[in-house]
Amino acid sequence: MDVFALFATRVSAALKSLYPEVTEDALGRLVVEPPRDPAHGDLSTNAAMVVAKPLGRNPREAAAALAGHFASDKDVISAEVAGPGFVNFRIADALWLDVLRAVGQEGADFGRTNVGGGERVNVEYVSANPTGPMHVGHTRGAVFGDTLASLMEYSGYDVTREFYINDAGSQIETLARSTLLRYREALGESIDIPSGLYPGDYLVPVGQALAKEFGDTLLGMPESEAVPLVKDRVLDAMMALIKADLADLRIHHDVFFSERTLHGPDGDIAQTLAWLREQGMIYEGRLEPPKGKTPDEWENREQTLFRATDYGDDIDRPLVKSDGSYTYFAADIAYHRNKYLRGFKHMVNVLGADHSGYVKRLQAAVKAVSQGEADIDVRICQLVRLMKNGEPFKMSKRSGDLVTVADVVAEVGADATRFMLLFRRNDAAMDFDFALVKEQTRDNPVFYVQYAHARACSVFRVAEREMPGVDLSLLALRSAAVERLSTEAELDLVRSVAQWPRTVSAAALAHEPHRIAFYLYDLAAAFHGFWAKGKEDVSLRFVNAADPTLTLARLALVGAVRQVLVNGLTILGVLAPDELS
RNA sequence: GGCCUCGUAGCUCAGCGGAUAGAGCAGCAGCCUUCUAAGCUGUUGGUCGGAGGUUCGAUUCCUCCCGAGGUCACCA
């Protein structure tokens, strides 16, 4: 139940009956929201203003007509015209209290909407190079993508979570050669890792496994035979590492898509380029050297170019390297065509800040391969600076400081890692303070929100002790006399709960999971605030054995808050503990 | 030089084209010792980087400028 959506429908219907000539376009801009200043009422709509202009009417007159229309609505206590043409509604308490019953009825589904309309969406995130365990730099995008996927799922999209394995480039050759060295080492040779190869210890077990599987037979093979064998095994091993790191963060994917499968003479890349050529989207030409500093090895040569500028990119993009192999972007075009042909008309890619220059060409690629039918939203996650006690700290393997995802999770836990990374807009750089995250104060939002849930649970434990034998389940509390909730503090809390459904749908449509985290923080603050009032004024305590009717009504409220906290934390992938230790 | 992101209170940050721009911390003034836990209440503090534009209305959208960060054929 979403009070705001409910009224948006009613207002829209009212406008249509008042002004049959009103356009859908104008109605699309109609908003019902809580006014910034609660003194203005419970709900506010801009309806009269968005409608008046195209109809050539005075907004205040339209507002007055609209307000008059709601005089007979039993849920509306008053409807007033304000400012340039707002209509402010004051809503009957009964409707707010219906929200509490709705939470009891809908439980985990309270807030679930169908704004996605069942549309299929492909959300691609992480897509780290499989050359080692996950670096901490990948964490933000991983958490963001995973949470966005959950949020969209909860909002009625049919979501596929996808990981693109960059297993085709030269870094994989390097990885294979690095592994061969570890294999020799496992066979007893003493090795020296030249610069340019991967020195990480995580390849040691892979070398040992190769020694076990092949004995010394790889040594007798020409490198052209040995490398592919090694490649397959080390890629599997690296993906296993990455999946384990992701699992530590409670992140899972539905599809792992290998770039390698796109290559080959009949592969997707070849087919896609042939198709693009037929469409006239490819030509042979020369590029201007980049302005400013020219790269040292700039070579002005004729190359195979994709007409990215036709689709909004800044320059046309090369598809074939000087050695004749495909560029990374050529593979990416084919990959996104593959997504489109799999039936995805909506795609989301989560990329790191260093890929911001890649956005336009990706959008161009999607437009081109879908002939304008599909859209892609590229979300850039900015850098995270790791801090300790307000000081940035360097991450270097040698000094033993934290570098990998596993290290961070081991240090502060998945809950804190996830919540903190989501407690900031994705497109702004952030600091991640290890000391703060472990603090149990209001400064630490993870603790603050989880504590609100634990405190709600604690209230129920007290109630069970005070009122033995009474069914205190949320479902049973639907019949509580919630009209007994009459103080401003109580109704404020009810109104906060009522905000949840619109918060979720707005966040899902905007692809902004951080709004969920901020909402939960606000809800927690409202709940803690109310609890604190009970400390000063005993009559405001939730559990009051002398007045069981009121107690049940308040428990319905506490239960609703707890349920919304659970629903929100579930989207964020953060646990909602019953008690904090 | 081009492109991308950011610029909001002393600090860290919210802000969905709407009304007098919000919260936490810090500061100031009081109060308090727990329905297991973060003490609470009040209060001070703003040229929303700057200038134009679109709009009934701009912190929000557009253009230019300033500042910070990132990025810049063929790497992935």
Side-chain angles (χ1 to χ4, degrees), chain A residues 29 31 33 35-37 40 44 46 49-50 52-53 58-60 82-86 88 127-129 131 166 168-172 259 286-295 297-301 303 305 313-323 325 327-329 331-332 352-360 380 382-383 423-431 433 436 439-445 447-448 451-452 454-455 458-459 461-463 465-466 502-503 506-507 509-510 512 514-515 518 521-522 524-525 528-529 531-536 538 541-544 579-581:
Chain A
R29 289 186 293 139
V31 174
E33 60 187 350
R36 191 169 283 170
D37 184 349
H40 290 139
S44 175
N46 62 352
M49 290 178 286
V50 298
K53 184 73 189 297
N58 177 313
R60 283 192 62 102
F86 290 100
N88 293 331
S127 300
N129 290 339
T131 54
N166 297 145
S170 58
Q171 85 280 10
I172 301 301
E259 183 191 349
R286 289 170 187 274
L287 285 176
E288 294 287 314
K291 298 211 165 55
K293 53 166 188 174
T294 305
E297 293 175 24
W298 173 265
E299 174 197 353
N300 190 339
R301 64 179 179 93
Q303 45 189 345
L305 298 168
D313 200 0
D314 303 316
I315 57 168
D316 291 335
R317 301 291 174 178
L319 299 174
V320 181
K321 294 188 229 171
S322 49
D323 69 359
S325 61
T327 63
Y328 180 79
F329 182 54
D332 228 8
D354 52 342
H355 285 67
S356 61
Y358 204 70
V359 175
K360 283 187 183 178
I380 298 290
Q382 289 293 333
L383 299 173
F423 200 61
R424 188 85 156 82
R425 270 194 355 257
N426 62 287
D427 50 10
M430 74 180 296
D431 293 341
D433 194 312
L436 170 63
E439 219 172 84
Q440 298 209 338
T441 73
R442 185 167 188 166
D443 291 343
N444 176 357
F447 167 76
Y448 194 65
Y451 176 39
R455 177 170 266 173
S458 157
V459 169
R461 282 192 294 270
V462 170
R465 208 164 55 226
E466 298 283 323
R502 68 185 291 271
T503 303
L509 289 170
E512 292 185 352
H514 75 273
R515 294 196 203 182
F518 280 99
Y521 184 74
D522 287 344
H528 288 308
W531 188 92
K533 282 195 180 8
K535 220 157 69 168
E536 290 160 17
V538 179
R541 293 192 174 187
F542 295 116
V543 179
N544 183 346
E579 344 180 31
L580 298 180
S581 48

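Predicted, not measured: the structure shown is a model, and the values here were computed from it. Letters go in sequence order (proteins before strands), and every chain restarts at 1.
- Closest non-hydrogen pair, A:Leu287 versus A:Asp316, comes out as CD2-O, 3.5 Å.
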Distances under 3.5 Å between nitrogen or oxygen atoms of protein and nucleotides 36-39 of chain B:
unit_1: B:U36; atom_1: OP1; unit_2: A:Ser458; atom_2: OG; d: 2.7
unit_1: B:U36; atom_1: O4; unit_2: A:Arg461; atom_2: NH2; d: 2.6
unit_1: B:U36; atom_1: O4; unit_2: A:Glu579; atom_2: OE1; d: 3.0
unit_1: B:A37; atom_1: O2'; unit_2: A:Tyr451; atom_2: OH; d: 3.2
unit_1: B:A37; atom_1: N1; unit_2: A:Leu580; atom_2: O; d: 2.7
unit_1: B:A38; atom_1: O2'; unit_2: A:Arg442; atom_2: N; d: 2.7
unit_1: B:A38; atom_1: N6; unit_2: A:Arg455; atom_2: NH1; d: 2.7
unit_1: B:G39; atom_1: O2'; unit_2: A:Lys535; atom_2: NZ; d: 3.4

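- Centre separation under 5.5 Å together with a plane angle under 30° holds for the ring of A:Phe86 and the six-membered base ring of B:A19, marking them as stacked.
- Taking the side chain as every heavy atom from C-beta outward, A:Val320 and A:Ser325 never approach each other to under 4.5 Å.
- A:Met430 contributes atom CE, which lies 9.5 Å from atom CZ of A:Phe423 (distance to the nearest 0.5 angstrom).
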Bracket notation of RNA chain B in which parentheses pair within the strand, [ ] cross earlier pairs, and | pairs with another strand (Watson-Crick or G-U, under 3.5 Å) | (((((((..((((....[...)))).(((((.......))))).....(((((..]....))))))))))))....
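- Here the separation of B:C64 from B:A73, taken at their C1' atoms, is 30 Å to the nearest Å.
- Evaluation of the side chain to side chain donor-acceptor pair (under 3.5 Å) rule for A:Asp332 yields A:Tyr358 as partners, not counting sequence neighbours.
- Contact check for A:Ile380 versus A:Asp427: no side-chain heavy atoms found under the 4.5 Å cut-off.
- When the side chain to side chain donor-acceptor pair (under 3.5 Å) test is applied to A:Asn88, the partners found at least two apart in sequence or on another chain are A:Ser44.
- At most 12 non-hydrogen atoms from other residues, nucleotides or ligands lie less than 6.0 angstrom from NZ of A:Lys533.
- The aromatic ring centroids of A:Phe86 and A:His40 lie 6.0 Å or more from each other.
- A:Arg60 places its CZ atom 16 Å from the P atom of B:G57, with the value rounded to the nearest Å.
- Every residue was checked against the side chain to side chain donor-acceptor pair (under 3.5 Å) condition with A:Arg60, not counting sequence neighbours, and none meets it.
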Could you write out each protein N or O paired with an N or O of nucleotides 60-71 of chain B at a distance under 3.5 Å?
unit_1: B:G70; atom_1: O2'; unit_2: A:Ala353; atom_2: O; d: 3.3

Polar atom pairs between nucleotides 6-12 of chain B and protein, under 3.5 Å, N or O only, would you list them?
unit_1: B:C6; atom_1: OP1; unit_2: A:Asp427; atom_2: OD2; d: 3.4

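- Counting only heavy atoms from C-beta on, A:Phe518 has its side chain closest to B:C13 among B:A73, B:C13, B:C75.
- No contact: A:Gly534 has no heavy atom under 4.0 Å from any strand.
- Distance, A:Asp314 CG to B:C4 P: 7 Å, rounded to whole Å.
- Among residues two or more places apart in sequence or in another chain, the salt bridge (Lys or Arg N to Asp or Glu O under 4.0 Å) test is passed with A:Arg541 by none.
- Here the separation of B:C4 from B:G24, taken at their P atoms, is 37 Å to the nearest Å.
- Atom C1' of B:C16 sits at a distance of 14 Å from the matching atom of B:G22, rounded to the whole Å.
- Listed by chain and number, the residues in a salt bridge (Lys or Arg N to Asp or Glu O under 4.0 Å) with A:Arg455 amount to none (sequence neighbours excluded).
- A:Pro59 is linked by a side chain to side chain contact (heavy atoms under 4.5 Å, CB included) to A:Met49, A:Ala52, counting only residues two or more places apart in sequence or in another chain.
- Closest to the A:Arg515 side chain, of the nucleotides B:A19, B:C16, B:G24, is B:C16.
- The nearest heavy atom of RNA chain B to A:Asp323 and to A:Arg541 marks one nucleotide each, and the one closer to the 5' end goes with A:Arg541.
- In this structure, OG in A:Ser322 is found 5.0 Å from CZ in A:Arg301, a value given to the nearest 0.5 Å.
- Partners of A:Ala510 according to the side chain to side chain contact (heavy atoms under 4.5 Å, CB included) rule, which considers only residues two or more places apart in sequence or in another chain, are A:Glu512, A:Arg515.
- Counting non-hydrogen atoms under 4.0 angstrom, A:Ser170 reaches the backbone sugars and phosphates but no base.
- Between B:C62 and B:G17, the two P atoms lie 12 Å apart (nearest whole Å).
- For the pair A:Arg317 CZ and B:C72 P, the interatomic distance rounds to 11 Å; values are reported in whole Å.
- To the nearest whole angstrom, the two P atoms, one in B:A21 and one in B:U59, are 10 Å apart.
- Taking atom OH of A:Tyr521 as the reference point, atom P of B:C25 lies 7 Å away to the nearest angstrom.
- OP1 or OP2 of B:C4 has at least one side-chain nitrogen or oxygen of A:Lys360 nearer than 4.0 Å.
- Distances were taken from every side-chain heavy atom of A:Arg502 (C-beta onward) to each of B:C16, B:C13, B:C75; the shortest belongs to B:C16.
- With a 4.5 Å cut-off on side-chain heavy atoms, A:Glu33 and A:Arg502 count as touching.
- Applying the side chain to side chain contact (heavy atoms under 4.5 Å, CB included) rule to A:Gln171 yields the partners A:Asn129, A:Thr131, A:Asn166, A:Tyr198; only residues at least two apart in sequence or on another chain are considered.
- Both A:Tyr358 and A:Met49 sit near RNA chain B, but only A:Met49 has its closest nucleotide nearer the 5' end.
- To the nearest 0.5 Å, atoms CG (A:Asn300) and CZ (A:Arg286) are separated by 5.0 Å.
- Side-chain to base pairing of A:Asp332 with B:A76: no donor and acceptor N or O lie closer than 3.5 Å to each other.
- Summarising the geometry, the separation between CG on A:Asn129 and C1' on B:C75 is reported as 10 Å, rounded to the nearest angstrom.
- Side-chain atoms of A:Glu299 lie closest to B:A73 of the nucleotides B:A73, B:G18, B:C75.
- Checking B:C74, B:C35, B:A73 against the side-chain heavy atoms of A:Thr327 singles out B:C74 as nearest.
- Note on A:Asp313: nothing from the nucleic acid sits closer than 4.0 angstrom, heavy atoms only.
- A:Glu288 has its CD atom 16 Å from the P atom of B:C74, to the nearest Å.
- Straight-line distance between the P atoms of B:U63 and B:G70: roughly 24 Å, to the nearest whole Å.
- Remark: C1' of B:C35 and CD of A:Glu466 are 8 Å apart, rounded to the nearest angstrom.
- Comparing B:G49 with B:A68, their P atoms are spaced 16 Å from each other, to the whole Å.
- Within 4.0 Å of A:Pro84, counting heavy atoms only, lies at least one base atom of the nucleic acid.
- When the P atom is used for both B:U8 and B:G50, the distance is 10 Å, rounded to whole Å.
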